[in-house]
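Reviewing the structure listed below.
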Amino acid sequence: RDDLLFSYKGILYPTTVCSPEVFKALESFEARQEDVILAGYPKSGTNWVGQILTDLVTTSAENNEDETNSLNDEELEEFPYLEVGDAEKYQRMEKLPSRRVIFTHLLPHNLPESIFKNKAKVLVLVRNPKDVATSFYHFTNGMSPLPSYETWDEFFTAFMTGKMPWGSYFDYICEWSKHVDDENVMTITYEELKENRALAVKKIAEFFVLPLTEEQLQAVVDRSSFQAMKENAHKTHGALGNALFRKGSVSDWKNLFNEDQNQEMDKMFEERLARTKLGAKIKYEMYCK
Ligand code: A3P
């Protein structure tokens, strides 16, 4: 397992998709105010909200076709995860027209400073920790870019101690909590998207100032249903598709956690997250009890 992970500034990352050279190069990344940034801990629904954002941006660009370069030109596309790619990625990104859609799992203090300095807007996506752990376990054991675990118990211990690719869920929520009131930051939860996708999509479009007609918004909502995305998964995500669009539900943790683990997570949440701003948004009582 150790070969599959490396440590950078005290946080583990998978060697299969990240490298110290890319992290070094990332420091030179120049964010733009128009960038559309999605920040989320792994398995919080990044690909879901990422598709919604990309769809909103593409549709809005089509509405202003004369002013914007075509976003469909494949040469102008870049893998959307900020910290994944080769060291020349950031030079290529400089040539991309606005608005660039960028996903990241990084903690705010590991992001390039220009994101905050240049006032790029950031959508912070959070999901309840029990479902994140459950989703992470199935993903990591089903797919090989990440190390697999012999047992769920072994994985649970790694999750609770933060020895995970991209670091600790708890640190992630604590650190991003400090940015919740920034004027360029909006937060959204996986659970509120599940509850009312149409409303969430509308709020996201407003925050990033992406004017779409009601019909266009509805089309984005329709294309982002779990079923639609799962059916399309092989085309959009290749071999990873099946593992990425697994179940798409709330409270699947009940099939995996035993009572001790349940209590251990409750205690950890209470100690570390309950009084943080993002902790309050997680609605722990509703989704984790
Ligand atoms: P599950 O493993 O619980 O099914 P990420 O993209 O950050 O890796 O997150 C993956 C999780 O988001 C998976 O959770 C996946 O099923 C869920 N997901 C992806 N698309 C979704 C959709 N359209 N609706 C609901 N959940 C979705």
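In each ligand, atom 1 is the first atom listed, and ligand 1 is the first ligand listed. Here the structure is a predicted model, which means the values were calculated and not measured. Only this structure's heavy atoms are used, side chains among them; waters, hydrogens and symmetry mates stay out.
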Run through all N or O atoms in ligand 1 and write down each protein N or O closer than 3.5 Å, as a pair with its distance.
unit_1   : atom_1 : unit_2 : atom_2 : d
ligand 1 : 2 (O)  : S135   : OG     : 2.6
ligand 1 : 2 (O)  : R246   : NE     : 2.8
ligand 1 : 2 (O)  : R246   : NH2    : 3.4
ligand 1 : 3 (O)  : R127   : NH2    : 3.0
ligand 1 : 3 (O)  : R246   : NH2    : 3.1
ligand 1 : 4 (O)  : K247   : N      : 2.7
ligand 1 : 4 (O)  : G248   : N      : 2.7
ligand 1 : 6 (O)  : T46    : N      : 3.2
ligand 1 : 6 (O)  : N47    : N      : 2.9
ligand 1 : 6 (O)  : N47    : ND2    : 2.8
ligand 1 : 7 (O)  : K43    : N      : 3.1
ligand 1 : 7 (O)  : S44    : N      : 3.3
ligand 1 : 7 (O)  : G45    : N      : 3.1
ligand 1 : 7 (O)  : T46    : N      : 2.8
ligand 1 : 7 (O)  : T46    : OG1    : 2.6
ligand 1 : 8 (O)  : K43    : NZ     : 2.9
ligand 1 : 9 (O)  : G45    : N      : 3.1
ligand 1 : 14 (O) : R127   : NH1    : 3.2
ligand 1 : 14 (O) : S135   : OG     : 3.3
ligand 1 : 16 (O) : R246   : N      : 3.3
ligand 1 : 16 (O) : G248   : N      : 3.3
ligand 1 : 23 (N) : W48    : NE1    : 3.1
ligand 1 : 23 (N) : S224   : O      : 3.1
ligand 1 : 23 (N) : F226   : N      : 3.4
ligand 1 : 26 (N) : Y190   : OH     : 2.7

Distance-only criterion, 3.5 Å: show the donor-acceptor pairs between side-chain atoms of residues 279-288 and protein atoms not counting sequence neighbours.
unit_1 : atom_1 : unit_2 : atom_2 : d
K281   : NZ     : T187   : OG1    : 3.4
Y284   : OH     : M265   : O      : 3.4
Y284   : OH     : D266   : N      : 3.4
Y284   : OH     : D266   : OD1    : 2.7
Y287   : OH     : E195   : OE2    : 2.8

- Item | Residues Q261 and D153: side-chain donor-acceptor under 3.5 angstrom | yes

Q: Verify whether one side chain among S135 and R246 offers a donor that lies under 3.5 Å from an acceptor in the other.
A: no

Quick note, salt bridge (charged side-chain N to carboxylate O under 4.0 Å, His left out) partners involving residues 168-182, not counting sequence neighbours, are D171-R272, D181-K277

Contacts of Y81 meeting ring-ring contact (aromatic ring centres under 6.0 Å, His included) (sequence neighbours excluded), chain-then-number -> F79, F103, H105

Notebook entry, point to check: With a 3.5 Å cut-off and no angle check, do the side chains of E259 and Q263 form a donor-acceptor pair?
Noted result: yes

